[in-house]
**Student:** 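Below you'll find the structure I mean.
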Amino acid sequence: MSARTLIPHLAALAAVAGFIALMLWQFDRAEQKRRVLDNWNREQAIALDDIEQVPELPQPVFGLGFFEPERQILLDNKIRDGRSGVHVLTPWHTSDNRIFLVNRGWAHWPSRDRGLPDPDAPEDRLEIRGMLNEPPGVGLELGDSIKLDSRQWPQLMTYFNHQRLTAAFGPKLQRQIIQLDPSHPAHLTGDEWKVVTFGPDRHTGYAFTWGTIALVVAGIWLVLSFRSHRARRQ
């Protein structure tokens, strides 16, 4: 078989292999989303003081401690009902001296010309409940990170950067955050947290789509190869 006749076969094989890889990737994403949803819907919460190793996330948690509203982090560019605002992350000190940032939900910030929102938080020792979870993804961070000014609070962040936060709060700051239970009095809006952008069923649908395309390409390739082979024999 010459190189000229071989190239279409190699291209067809590469296309089929690529579509199958996309199909398997979507099935894997569907399984990941199912695990996330299963963990989110888990009823058994564990005490923060009992966590020695990070469990599979998200994990329902509860614990006694106190907020530190004097040093809040405001995560920028959060839209709610068409209005601009921030997510308020308030430091939470546990009884064993660890620090978690607790996402208390959304606060309105109508204009850059106005001062930063700085919602109050209870300062007494109290119990919180919520979901221990990974921090929000940062996407593509452009430019160099700017150090937090530990003399001026609250601090506005466009991207969640654990290294910058640790420099401000110290090594006791944990990598995971707590999404406060919407029913807790310290939650700012009572909005339910969005677990995933879209569910596993959509990923499964995408997987079947890529699988169907792979079958169609393979079928066309086989039919054309058979016709070409028969034509050469005649």
Side-chain angles (χ1 to χ4, degrees), residues 25 29 32-33 35-37 39-40 48 51 54-59 61 65 67-94 98-121 128 130-182 184 186-198 203:
W25 174 62
R29 290 288 291 148
Q32 291 176 19
K33 291 288 182 71
R35 287 201 301 269
V36 169
L37 292 171
N39 290 343
W40 188 270
L48 287 169
I51 297 177
V54 179
E56 188 175 2
L57 302 177
Q59 167 64 50
V61 293
F67 284 114
E68 186 188 1
E70 297 82 12
R71 294 197 297 169
Q72 299 193 114
I73 298 294
L74 307 178
L75 198 57
D76 202 2
N77 299 321
K78 301 299 179 183
I79 305 299
R80 179 177 183 265
D81 296 334
R83 299 191 300 164
S84 60
V86 295
H87 274 184
V88 179
L89 278 65
T90 307
W92 169 265
H93 295 257
T94 65
R98 286 178 295 168
I99 302 174
F100 289 89
L101 288 177
V102 177
N103 192 337
R104 298 168 54 214
W106 183 87
H108 190 207
W109 188 27
S111 172
R112 302 278 161 170
D113 298 330
R114 298 189 183 182
L116 292 170
D118 193 15
D120 291 334
I128 64 168
M131 195 68 65
L132 187 68
N133 211 343
E134 297 288 355
V138 299
L140 180 62
E141 184 173 357
L142 302 176
D144 296 330
S145 297
I146 301 174
K147 290 184 179 179
L148 295 178
D149 185 358
S150 59
R151 299 166 298 177
Q152 185 176 356
W153 299 92
Q155 292 280 327
L156 183 69
M157 295 186 72
T158 304
Y159 302 99
F160 192 97
N161 187 308
H162 182 74
Q163 185 175 357
R164 289 173 58 198
L165 291 166
T166 301
F169 289 101
K172 293 291 186 180
L173 180 69
Q174 306 301 298
R175 284 190 170 274
Q176 298 73 35
I177 68 167
I178 297 173
Q179 294 167 291
L180 188 62
D181 190 311
H184 194 279
H187 197 285
L188 299 174
T189 61
D191 294 338
E192 295 289 340
W193 294 106
K194 193 170 186 178
V195 184
V196 292
T197 305
F198 49 83
H203 287 289

**Student:** With sequence neighbours excluded, tell me which residues meet side-chain contact (heavy atoms from CB on, under 4.5 Å) with Ala168.
**Tutor:**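 Partners of Ala168 by the side-chain contact (heavy atoms from CB on, under 4.5 Å) criterion, ordered by chain and then number, come out as Leu148, Trp153.
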
**Student:** Specify the closest pair of heavy atoms between Pro91 and Gln72, including all atoms of both residues, with the distance to one decimal.
**Tutor:**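 Closest approach of Pro91 to Gln72: CD-CA, 4.3 Å.
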
**Student:** Are Phe169 and Ile73 packed together at the side-chain level, in the sense that at least one heavy-atom pair is separated by less than 4.5 angstrom?
**Tutor:**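 Answer yes - side chains close enough.
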
**Student:** Heavy-atom distance under 4.5 Å between the side chains of Pro55 and Leu132, does that happen here?
**Tutor:**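 Yes, side chains in contact.
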
**Student:** What are the two closest non-hydrogen atoms of Phe67 and Val102, and how far apart are they?
**Tutor:**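 Answer, listing the atom of Phe67 first, then Val102: CE2-CB, 4.0 Å.
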
**Student:** Please enumerate all residues that pass side-chain contact (heavy atoms from CB on, under 4.5 Å) together with Gln163, with sequence neighbours excluded.
**Tutor:**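 In terms of side-chain contact (heavy atoms from CB on, under 4.5 Å), with neighbours along the sequence ignored, Gln163 is linked to Asn161.
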
**Student:** Please enumerate all residues that pass side chain to side chain donor-acceptor pair (under 3.5 Å) together with Ser84, with sequence neighbours excluded.
**Tutor:**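 Applying side chain to side chain donor-acceptor pair (under 3.5 Å) to Ser84 gives none.
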
**Student:** For residues Pro119 and Leu188, report the shortest heavy-atom separation together with the two atoms involved.
**Tutor:**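 Where Pro119 meets Leu188 most closely, the heavy atoms are CB-CD2, 3.8 Å.
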
**Student:** Report the residues that fulfil ring pair (Phe, Tyr, Trp, His ring centres under 6.0 Å) with His162, sequence neighbours left out, ordered by chain and then residue number.
**Tutor:**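 His162 satisfies ring pair (Phe, Tyr, Trp, His ring centres under 6.0 Å) with no residue once adjacent residues are dropped.
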
**Student:** Considering only heavy atoms from C-beta outward, does the side chain of Pro117 approach that of Leu74 to under 4.5 Å?
**Tutor:**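 Counting from C-beta outward, Pro117 and Leu74 do come under 4.5 Å.
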
**Student:** Just wondering, do Thr166 and Leu173 contact through their side chains at under 4.5 Å, heavy atoms?
**Tutor:**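 Result yes, sub-4.5 Å side-chain heavy-atom pair found.
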
**Student:** Run the side-chain contact (heavy atoms from CB on, under 4.5 Å) test against Glu70 and tell me which residues pass, sequence neighbours left out.
**Tutor:**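 Per chain and number, Glu70 pairs via side-chain contact (heavy atoms from CB on, under 4.5 Å) with Glu68, Glu123.
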
**Student:** Could you list the residues that satisfy side-chain contact (heavy atoms from CB on, under 4.5 Å) with Gln174, not counting sequence neighbours?
**Tutor:**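 Result, side-chain contact (heavy atoms from CB on, under 4.5 Å) vs Gln174: Arg98, Phe100, Gln176.
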
**Student:** Mind checking what makes ring pair (Phe, Tyr, Trp, His ring centres under 6.0 Å) contact with Trp109, not counting sequence neighbours?
**Tutor:**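 Result, ring pair (Phe, Tyr, Trp, His ring centres under 6.0 Å) vs Trp109: none returned.
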
**Student:** By salt bridge (charged side-chain N to carboxylate O under 4.0 Å, His left out), which residues pair with Arg29, not counting sequence neighbours?
**Tutor:**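 None.
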
**Student:** When you look at CZ of Arg175, are more than 12 heavy atoms from neighbouring residues, nucleotides or ligands closer to it than 6.0 Å?
**Tutor:**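 Atom CZ in Arg175 is not crowded, with 12 or fewer foreign heavy atoms closer than 6.0 Å.
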
**Student:** Just by distance, do the side chain of Glu134 and the backbone of Leu57 share a donor-acceptor pair under 3.5 Å?
**Tutor:**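 Checking the backbone N and O of Leu57 against the side chain of Glu134, no donor-acceptor pair under 3.5 Å is found.
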
**Student:** Assess whether side chain to side chain contact (heavy atoms under 4.5 Å, CB included) is satisfied between Ile128 and Trp92, documenting all intermediate values.
**Tutor:** CA-CA 9 Å; Ile128 64 168; Trp92 169 265; 3.4 Å; yes

**Student:** Would you say that Pro136 contacts Ile177 through its side chain, given a criterion of any heavy-atom pair below 4.5 Å between the two side chains?
**Tutor:**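 Counting from C-beta outward, Pro136 and Ile177 do come under 4.5 Å.
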
**Student:** Using the side chain to side chain contact (heavy atoms under 4.5 Å, CB included) rule, take Thr90 and Leu101 through it: C-alpha gap first, then chi angles, then the decisive distance, then the call.
**Tutor:** CA-CA 5 Å; Thr90 307; Leu101 288 177; over 6 Å; no

**Student:** Can you find a heavy atom in the side chain of Arg164 that is under 4.5 Å from one in the side chain of Met157?
**Tutor:**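 With C-beta onward as the side chain, the pair touches.
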
**Student:** Please enumerate all residues that pass side chain to side chain donor-acceptor pair (under 3.5 Å) together with Arg35, with sequence neighbours excluded.
**Tutor:**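 Arg35 satisfies side chain to side chain donor-acceptor pair (under 3.5 Å) with no other residue.
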
**Student:** For Leu156 and Val86, what are the C-alpha separation, side-chain angles and deciding distance, and is it a side chain to side chain contact (heavy atoms under 4.5 Å, CB included)?
**Tutor:** CA-CA 9 Å; Leu156 183 69; Val86 295; 4.1 Å; yes

**Student:** Please identify each residue that fulfils ring pair (Phe, Tyr, Trp, His ring centres under 6.0 Å) with His87, with sequence neighbours left out.
**Tutor:**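 Result, ring pair (Phe, Tyr, Trp, His ring centres under 6.0 Å) vs His87: Trp193.
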
**Student:** Ignoring hydrogens and angles, tell me if any N or O in the side chain of Trp106 forms a donor-acceptor pair with the backbone of Lys78 under 3.5 Å.
**Tutor:**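 Between the backbone of Lys78 and the side chain of Trp106 there is a qualifying donor-acceptor contact (under 3.5 Å).
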
**Student:** Are Leu48 and Ile178 close enough that some pair of their side-chain heavy atoms sits under 4.5 Å apart?
**Tutor:**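 A side-chain contact under 4.5 Å exists here.
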
**Student:** Can you run down the salt bridge (Lys or Arg N to Asp or Glu O under 4.0 Å) pairs that involve residues 99-118, sequence neighbours left out, and say none if there aren't any?
**Tutor:**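 Those involving residues 99-118 are Asp76-Arg112.
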
**Student:** Looking at Arg83, is its backbone amide N or carbonyl O close enough to the side chain of Asp81 to form a donor-acceptor pair, meaning the two atoms are under 3.5 Å apart?
**Tutor:**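 Side chain of Asp81 to backbone of Arg83, a donor-acceptor pair under 3.5 Å: no, none is there.
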
**Student:** Give the C-alpha distance, both sets of side-chain angles, the deciding distance and a yes or no for side chain to side chain contact (heavy atoms under 4.5 Å, CB included) between Leu180 and Asn103.
**Tutor:** CA-CA 6 Å; Leu180 188 62; Asn103 192 337; over 6 Å; no

